[in-house]
Amino acid sequence: MQKHPELPQAFADLGIEVRFLKALQRMEFSKPSDIQAGMIPPAMEGKDILGQARTGTGKTAAFGLPILQKLDPSKRLQALCLAPTRELAVQVAAELDRLSQFANLHIVSVYGGQKVATQLHNLGRKPQFVVGTPGRVMDFIRRRALDISQLKFVVLDEVDRMLDIGFRDDIKMILSHVRSDHQTIFVSATVEDEIRRLAMRYMNDPVELNVSRDKMTVDEVDQSYVTVDPGDKFRLLKLILEQEDPPFAIVFCNTKAAARKLARKLFDVGINAKEIHGDLMQRQRDRVMESFRKHRIRVLVATDLAARGIDVSSVTHIVNYDIPVDPEVYVHRIGRTARMGAKGVAITMVNRDEGNALTSIEMLINREVPQRQVAGFRPRPPAEKRETKTPVEQSAARSSQDSTTQGEPPKKTPRKTLGGAFPVRRKRRL
Ligand code: AMP
């Protein structure tokens, strides 16, 4: 093999050609991430792959490089990648574009929310690779603007999210439109039975890879919680932003209305914040993401769906202004920081009624999230110290205390655990 001292040799060793090595060097990828080291070799051999990996692991280059390298620039559409959200589709297409900056390839993204005419025009420029959300891809197939019958490569990215969102039928329809022999790659953060069934139906003897980032995420993020009354959250957030002084942070809210209100309040006190959620028009969402990526926004106030797949490697802090109801969402949120090995900080605001939500998170990640003291912020004393408890409350408090002191096993078994050996309490008392 020819040596190119200035190019990333570890990628050359995986069989990546010089035109892509040059791009990798420019993108400052010096060595393959785990998923890249695991996926590139079988993908190069043309194997079908069921890969378990989250966004943030380098999965785009893992499936992207082997496919891009095999595309024929002189031919029409050869590869399709389906992604659950517009943001992810745009992001994957942008990464593929960067990877192919020295190859003569054309990548187009199609997704709902942008004018059909614009995307039709882009499709007319004969891309070799299309990245799109299932709904819009289906729409273009019906309009006969997209012919996927002769694809050589099909990727389903974040399959679990696509199924969550309800793209099941679209996905099946799309896959059934492909008539040619092709290689299929699924990437999913979780691989449950339904995904395995899809894989069995649409893949040929797939190689299974598991490079889930969960454990890495929880290990690499400095996590803590602060007890706060709902009415005090804004004051607490301001203090956190002052004291931690994060260059780039994402603040998560559970609802669109809360995100909108919070972004406005932050803006009003002079903090460079913008909101991103499903109520914004696609163009506005793109603009916000672009500004955040270019560091023109310091605080992004986001809801979960809008934040899915957000990949901005410079995010240092995640603040859960609202604790997520689903503990898996917590892991997903904190995965927005600590990208590619960088250290991140995640602070979760918890009010006194949300002890159980915190406990569920701790059970899932199998470690205790410590309480954080924020200078200048003193939460009001717990309700039981302020007011007389009813006998029912007293007994509830006693039984939860008992279970803590006697170390009873948790009632609910965690769906999965992520390393460590944290003796989980039954009920968190805040
Ligand atoms: P992904 O999981 O594909 O969304 O990638 C997450 C982030 O990591 C993106 O910003 C990539 O550009 C970056 N990245 C992917 N692979 C590498 C690598 N081998 N070295 C450094 N950065 C990488």
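Model, not experiment: these values are computed from the prediction. Order of listing sets the numbers, starting from 1, for every ligand and every atom in it.
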Any donor-acceptor N/O pair, Gln101 side chain to Arg98 backbone, under 3.5 Å: yes

So the atoms of ligand 1 within less than 4.0 Å of a heavy atom of Gly58 turn out to be 1 (P), 2 (O), 3 (O), 5 (O), 15 (C), 16 (N)

Is any side-chain N of the basic residue among Asp193 and Arg197 closer than 4.0 Å to the acidic one's carboxylate O? no

At a 4.0 Å threshold, what atoms of ligand 1 neighbour a non-hydrogen atom of Ser33? 19 (N)

Ignoring hydrogens, just give me the one of Lys31, Gln91, Glu95 whose non-hydrogen atom is nearest atom 12 (O) of ligand 1. Glu95

If you measure from each heavy atom of Arg98 to ligand 1, is any distance below 4.0 Å? no

Is there a side-chain contact between Ser188 and Glu158 in this structure, where contact means two heavy atoms from C-beta onward sitting under 4.5 Å apart? no

I need the contact type for Met27 against ligand 1. Using non-hydrogen atoms and a strict under-4.0 Å cut-off, is it side chain, backbone, both or neither? neither

If you count the non-hydrogen atoms of other residues, nucleotides and ligands that lie under 6.0 Å from CZ in Phe267, is the total more than 12? no

Please work out whether the ring planes of Phe11 and Phe29 are parallel, tilted or perpendicular, with thresholds of 30° and 60°. tilted

For Phe11, the ligand 1 atoms whose distance to one of its heavy atoms is below 4.0 Å: 19 (N)

So do the side chains of Val345 and Arg372 get within less than 4.5 Å of each other, counting heavy atoms only? yes

Per-atom contacts, ligand 1 versus Thr60 - under 4.0 Å to a heavy atom: 1 (P), 3 (O), 4 (O)

